[in-house]
There are 2 protein chains.
Amino acid sequence: MDFFDKAGIMTIGTRFRMLNEKMTEDANKIYPMYNVDMKPKWFPVFYIVSKEGEKSITEIANQIGHSHPSVSKIVREMINHKVLSEKKDKNDGRKNNIRLTAKGKQIADRIEDQYADVKKAVAKILDQSKFNMWYAIEEFEMLLEQKSLLQRVKEEKKYREAKKIQIVPYDPKYNESFKRLNQEWIETYFEMEEADHKALDNPEKYIIDKGGKILFALYENEPVGVCALIKMENHEYDFELAKMAVLPKMKGKGIGYLLGKSVIEEAKSLGAQKLYLESNTILKPAIQLYKKLGFQKVIGFFTPYARCNIQMGLEIKKNIDINYR
Amino acid sequence: MDFFDKAGIMTIGTRFRMLNEKMTEDANKIYPMYNVDMKPKWFPVFYIVSKEGEKSITEIANQIGHSHPSVSKIVREMINHKVLSEKKDKNDGRKNNIRLTAKGKQIADRIEDQYADVKKAVAKILDQSKFNMWYAIEEFEMLLEQKSLLQRVKEEKKYREAKKIQIVPYDPKYNESFKRLNQEWIETYFEMEEADHKALDNPEKYIIDKGGKILFALYENEPVGVCALIKMENHEYDFELAKMAVLPKMKGKGIGYLLGKSVIEEAKSLGAQKLYLESNTILKPAIQLYKKLGFQKVIGFFTPYARCNIQMGLEIKKNIDINYR
DNA sequence: TATATTTACGTAATTAGTTACGTAAATAAC
DNA sequence: GTTATTTACGTAACTAATTACGTAAATATA
């Protein structure tokens with residue numbers, strides 16, 4: 001139907017249901033042709049018990065991919081129709097062992113011809129198909145197992161949104177955002193300190209004028225993330241990566257990574273060789289990000305921040321300049 | 001799963017359900033990612049109304065392939081969530097026109113990104129597949145529309161059973177069957193006549209000894225069908241095809257056609273050129289069969305049978321003997 | 001114009017599955 | 001050996017669809 005093509009995968013449920021209804025309707029007429037007292041919904045249970053012999057409710061449920069209450073109900077129906085019989089397990093009083101009755105065995109016998117006929121009929125359909133539905137479903141299930149639809153959609157979303165993020169250099173008009181974004185997370189986990197106030201209230205004086213940089217991430221022209229590069233004087237490290245913040249509702253879009261990468265590039269272009277940063281181990285996603293950017297734990301440096309309990313460093317690799325000429 | 005491969009198409013319902021459950025679970029998590037107040041089961045209704053504007057309950061139901069009560073309930077839920085609004089049709093008081101509210105329009109707007117992301121995610125799965133599931137289902141549906149599973153299974157059954165049918169020549173041990181099979185249908189529709197008794201009680205004398213033939217159809221070595229070829233003396237036609245009968249519960253397996261073909265072959269090998277038969281038009285399947293065998297209506301011959309209201313004839317074509325030497 | 005049929009759609013009952021929960025038996029942990 | 005946890009499975013409640021049915025409006029028919 002046209003609707004399915006337009007609306008796509010989100011309607012797969014309806015499509016499956018309709019196809020299944022058609023098949024069930026036919027199955028309902030096929031069983032009597034073989035003189036078999038069977039309902040389509042009984043079939044999976046019947047098949048397992050007839051092919052593999054006595055089985056408990058849970059074993060059947062696991063094999064056919066139903067919940068155990070479903071099997072319990074189907075088995076009850078089939079017992080009422082004298083197709084199955086039940087018997088408590090001798091060694092395990094919880095188990096209810098299910099097996100075919102004489103009538104069930106008779107059905108198993110008669111149904112063999114039906115299996116053969118249905119298999120041939122379906123094989124002919126699939127042979128005529130360019131895209132074998134049986135294999136297609138198997139393949140689809142396999143690919144979803146490797147990576148779920150949810151995961152795949154998340155990736156597409158992240159990718160699409162990342163393209164909408166712009167990294168721009170410092171501009172006084174973002175001063176208020178610079179403070180707000182940082183204050184937000186600092187006050188969530190810690191308290192604002194002396195050094196915070198200095199840098200956040202006057203970035204121009206304390207960061208830019210001292211040879212540092214500030215980069216902003218814009219989403220639809222609104223600042224949603226920030227990261228600063230602060231010049232370190234008389235220090236083994238050239239710059240400190242600091243004041244990194246991302247708007248909470250914009251997390252998970254790779255903005256932090258993008259800012260980090262950009263700041264490192266910036267440092268490189270300023271001739272920096274070693275970057276330094278301070279953080280706290282309760283900020284797990286941040287530490288994770290720093291590691292992803294290449295930072296490793298270092299020790300022994302002085303810090304003015306009370307909240308700092310981890311220090312990290314990164315050696316910037318020079319680009320290897322391959323000259324093909 | 002192994003179970004599906006072994007048990008085949010009769011478990012397609014379970015397989016569809018499981019795949020659908022997995023997708024629905026993911027869909028439930030995907031909608032909130034886009035800030036959209038939507039349930040997977042609402043989606044088809046939402047899609048139609050958002051893309052095509054105001055629509056009545058039945059129109060929606062037809063387009064998305066649900067029953068109208070289903071749409072009625074879903075719409076009620078969506079109205080409670082302020083996603084849709086309803087309004088009686090001005091010109092037709094039975095109709096309930098459904099459209100998006102402001103909130104619904106906002107959702108339609110937000111969901112566009114989701115469509116794009118989901119489409120890309122699915123496209124990547126299908127591109128990786130050797131058998132494209134979307135096309136595969138479409139193809140399968142199309143092939144089932146051309147000929148239903150039921151029809152296909154019937155054909156396979158007929159073919160398999162036809163192979164189990166043997167056509168054998170007259171043997172006195174089948175005398176009782178010869179009478180029973182014919183008496184059965186004659187007494188169902190008519191009454192036994194003088195000529196019936198003669199032929200059925202003494203086939204050897206009245207048919208075989210006069211240069212005629214009787215063929216039996218055996219199914220698992222039991223006679224289930226019969227047809228006689230009666231020599232016609234001083235007549236334009238060489239033989240009469242008569243006393244054709246098939247056991248009622250064995251109908252629909254092509255036994256009649258097989259007997260007819262065999263009898264015609266037999267006649268040909270006896271040098272016959274024209275066959276004749278008598279019947280009654282209330283026996284529609286029989287007349288149908290005679291036509292299929294090549295008989296055509298003829299008129300004006302004498303008959304001893306009261307039940308005869310149609311006479312038919314067949315000119316036997318000689319095999320064209322192509323000699324390649 | 002009156003009457004019969006068809007159409008739209010809401011409510012109720014049914015179906016085939018699910019999850020939630022409780023109980024009893026078996027097994028593991030201390 | 002007692003206690004805690006896990007397992008088996010039945011019952012109850014829920015879900016998302018269906019079919020069945022009734023009513024009212026619209027349309028066709030005589």
Side-chain angles (χ1 to χ4, degrees), chain A residues 10-25 27-28 38-46 49 54-81 84 86-98, chain B residues 10-25 27-28 38-46 49 54-81 84 86-98:
Chain A
M10 301 308 259
T11 61
I12 191 81
T14 308
R15 199 162 196 184
F16 280 169
R17 185 174 39 73
M18 287 169 72
L19 190 47
N20 185 38
E21 267 163 22
K22 201 181 286 174
M23 306 278 291
T24 307
E25 205 186 308
N28 257 319
M38 175 85 66
K39 289 206 229 168
K41 72 162 172 168
W42 294 358
F43 180 76
V45 172
F46 180 84
V49 177
E54 197 168 273
K55 279 244 164 348
S56 74
I57 299 285
T58 313
E59 281 169 333
I60 298 170
N62 289 338
Q63 286 201 43
I64 69 176
H66 281 219
S67 62
H68 84 261
S70 166
V71 172
S72 185
K73 268 193 272 187
I74 291 170
V75 162
R76 187 66 40 220
E77 255 182 81
M78 293 173 80
I79 288 172
N80 291 340
H81 277 251
L84 297 180
E86 62 186 333
K87 206 173 131 200
K88 272 260 174 301
D89 192 293
K90 240 180 283 174
N91 306 317
D92 185 340
R94 296 166 306 175
K95 282 191 178 167
N96 187 3
N97 289 325
I98 307 301
Chain B
M10 300 311 258
T11 61
I12 193 81
T14 307
R15 199 162 196 184
F16 280 168
R17 185 174 39 73
M18 287 170 74
L19 190 46
N20 185 38
E21 267 162 21
K22 201 179 286 173
M23 307 278 291
T24 307
E25 206 186 307
N28 257 319
M38 175 84 66
K39 289 206 229 168
K41 73 162 170 164
W42 293 358
F43 180 75
V45 171
F46 179 84
V49 177
E54 197 168 275
K55 279 243 160 2
S56 73
I57 299 285
T58 313
E59 280 168 334
I60 298 170
N62 288 338
Q63 286 201 42
I64 69 175
H66 281 220
S67 62
H68 84 263
S70 166
V71 172
S72 184
K73 266 192 273 185
I74 290 169
V75 162
R76 188 65 40 220
E77 254 182 81
M78 292 173 81
I79 289 172
N80 291 340
H81 278 250
L84 297 181
E86 62 186 329
K87 205 174 132 201
K88 270 262 174 299
D89 191 293
K90 243 180 281 172
N91 305 317
D92 185 340
R94 296 166 306 175
K95 281 192 179 169
N96 187 4
N97 289 326
I98 307 301

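None of these values were measured; they are calculated from a predicted model. The chains referred to below are lettered A, B, ... by the order of the sequence lines, with proteins before strands, and numbering in each begins at 1.
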Between CD1 of A:Ile60 and P of D:dC9 the distance, given in whole Å, is 9 Å
Using whole Å, what does the distance between atom P of nucleotide D:dT7 and atom CD1 of A:Ile57 come to? 18 Å
A:Glu77 CD to C:dG17 P, straight-line distance once rounded to whole Å: 9 Å
For atom CG of A:Asn20 and atom P of D:dA16, their distance in whole Å: 17 Å
Can you tell me how far P of C:dC9 sits from CZ of B:Arg76, to the nearest Å? 12 Å
Closest of D:dT18, C:dG17, C:dG10 to the B:His66 side chain is D:dT18
Heavy-atom donor-acceptor pair, A:Lys73 side-chain to D:dG10 base, under 3.5 Å: no
So which nucleotide from C:dC9, D:dA25, D:dA8 ends up closest to the side chain of A:Arg94? D:dA8
Among C:dA26, C:dG17, C:dT18, the one nearest any side-chain atom of A:Ile74 is C:dG17
For D:dT18, take OP1 and OP2 only and decide whether either is under 4.0 Å from a side-chain N or O of A:Arg17. yes
For D:dA8 and A:Ser56 - does any side-chain N or O of the residue sit under 4.0 Å from the phosphate oxygens OP1/OP2? no
Ignoring hydrogens and angles, state whether a donor on the side chain of B:His81 or B:Arg76 is under 3.5 Å from an acceptor on the partner side chain. no
Kindly say whether, by distance alone, the side chain of A:His68 makes a donor-acceptor pair under 3.5 Å with the base of D:dG10? yes
Provide, to the nearest angstrom, the distance between the CE atom belonging to A:Met23 and the P atom belonging to C:dA16. 17 Å
C:dG17 P sits how many Å from A:Phe16 CZ, rounded? 16 Å
Using the side chain to side chain donor-acceptor pair (under 3.5 Å) rule, pick out the option among A:Lys88, A:Arg94, A:Lys95 that qualifies with A:Asp92. A:Arg94
Hey, does the side chain of B:Asn96 come within less than 4.0 Å of C:dA8's phosphate (OP1/OP2), counting only N and O? no
Applying side-chain hydrogen bond (donor to acceptor under 3.5 Å, both in side chains), run through A:Thr24 and A:Glu21 and close with a yes or a no. CA-CA 5 Å; A:Thr24 307; A:Glu21 267 163 22; over 6 Å; no
Quick one: closest heavy-atom pair of B:Ala27 and A:Met10, and the distance? CB-CE, 4.1 Å
Spacing of CD1 belonging to B:Ile57 relative to CG belonging to B:Asn97, to within rounding of 0.5 Å: 9.0 Å
Among D:dT11, C:dA16, D:dA8, which is the nearest nucleotide to the side chain of A:Lys95? D:dA8
If each of A:Asp92 and A:Pro69 is mapped to the nucleotide of DNA chain D with the nearest heavy atom, which maps nearer the 5' terminus, i.e. the 5' end? A:Asp92
Can you see if the side chain of B:Ser72 gets near the phosphate of C:dC9 - specifically, an N or O under 4.0 Å from OP1 or OP2? no
Electrostatic pair A:Glu77-A:Lys41, nearest N-O below 4.0 angstrom: yes
Distance, rounded to the nearest Å, where A:Glu59 contributes CD and D:dA8 contributes C1': 11 Å
May I ask you to say what B:Thr58 touches in the nucleic acid, namely base, sugar-phosphate or nothing, with a heavy-atom cut-off under 4.0 Å? sugar-phosphate
Toward the 5' end of DNA chain C, which comes first, A:Ser67 or A:Asn91, by nearest nucleotide? A:Ser67
